Amino acid sequence: MNKTRWVPEGATLFHKNAVLNLEVYTYQRAGRPVAIGYYGRCTKPSLHGTYKTDASLREYVSQLETSLEEHRARVA
């Protein structure tokens with residue numbers, strides 16, 4: 001059985017890292033950016049939240065990516 005990841009209607013791909021299999025999609029709600037992201041083979045969102053600005057969203061995704069890379073290095 002092949003499960004798919006849910007992406008809200010109108011959402012666009014914001015960030016993708018093929019090595020980590022990280023995908024983050026964004027859309028607008030009440031004039032604020034909302035992000036939904038998936039990591040690895042997960043079909044449930046690893047992150048789903050509203051951010052004050054695009055800059056704060058970019059900063060969060062950058063921190064998340066760094067954290068995931070560090071975790072991969074520790075596991076390896």
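What you are looking at is a predicted structure, and each value in this text was computed from that prediction instead of being measured.
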Exercise for the section: Provide the full list of side chain to side chain donor-acceptor pair (under 3.5 Å) pairs with a residue in residues 38-51, sequence neighbours left out, each pair given once. Expected result: Tyr27-His48
Fill in the blank from the handout: Contacts of Glu69 meeting side chain to side chain contact (heavy atoms under 4.5 Å, CB included) (sequence neighbours excluded), chain-then-number -> Asn17, Leu20, Glu65
Problem - Arg5 side chain vs Gly37 backbone, donor-acceptor pair below 3.5 Å - result: no
Problem - From Thr26 atom OG1 to Leu13 atom CG, the distance as rounded to the nearest 0.5 Å - result: 8.5 Å
Exercise for the section: Check whether Ile36 and Leu47 end up in the same hydrophobic cluster, where Ile, Leu, Val, Met, Phe, Trp and Tyr are linked by side-chain heavy atoms less than 4.5 Å apart. Expected result: no
Completion exercise
Rounded to the nearest 0.5 Å, the NZ atom of Lys52 sits from the CZ atom of Arg32 at a distance of 6.5 Å
Handout entry: Heavy-atom check, side chain of Tyr25 versus side chain of His15, under 4.5 Å
Key = no
Practice task
Decide yes or no for Asp54 and Pro33: does some side-chain heavy atom of the first lie under 4.5 Å from some side-chain heavy atom of the second?
Solution key: yes
Problem - Shared hydrophobic cluster, Leu57 / Leu68 (ILVMFWY, side-chain heavy atoms < 4.5 Å) - result: yes
Practice task
State, with a plain yes or no, whether a side-chain heavy atom of Leu22 is found less than 4.5 Å away from one of Val24.
Solution key: yes
Exercise for the section: Output yes when a side-chain donor or acceptor of Thr66 lies under 3.5 Å from a complementary backbone atom of Ser62, and no otherwise. Expected result: yes
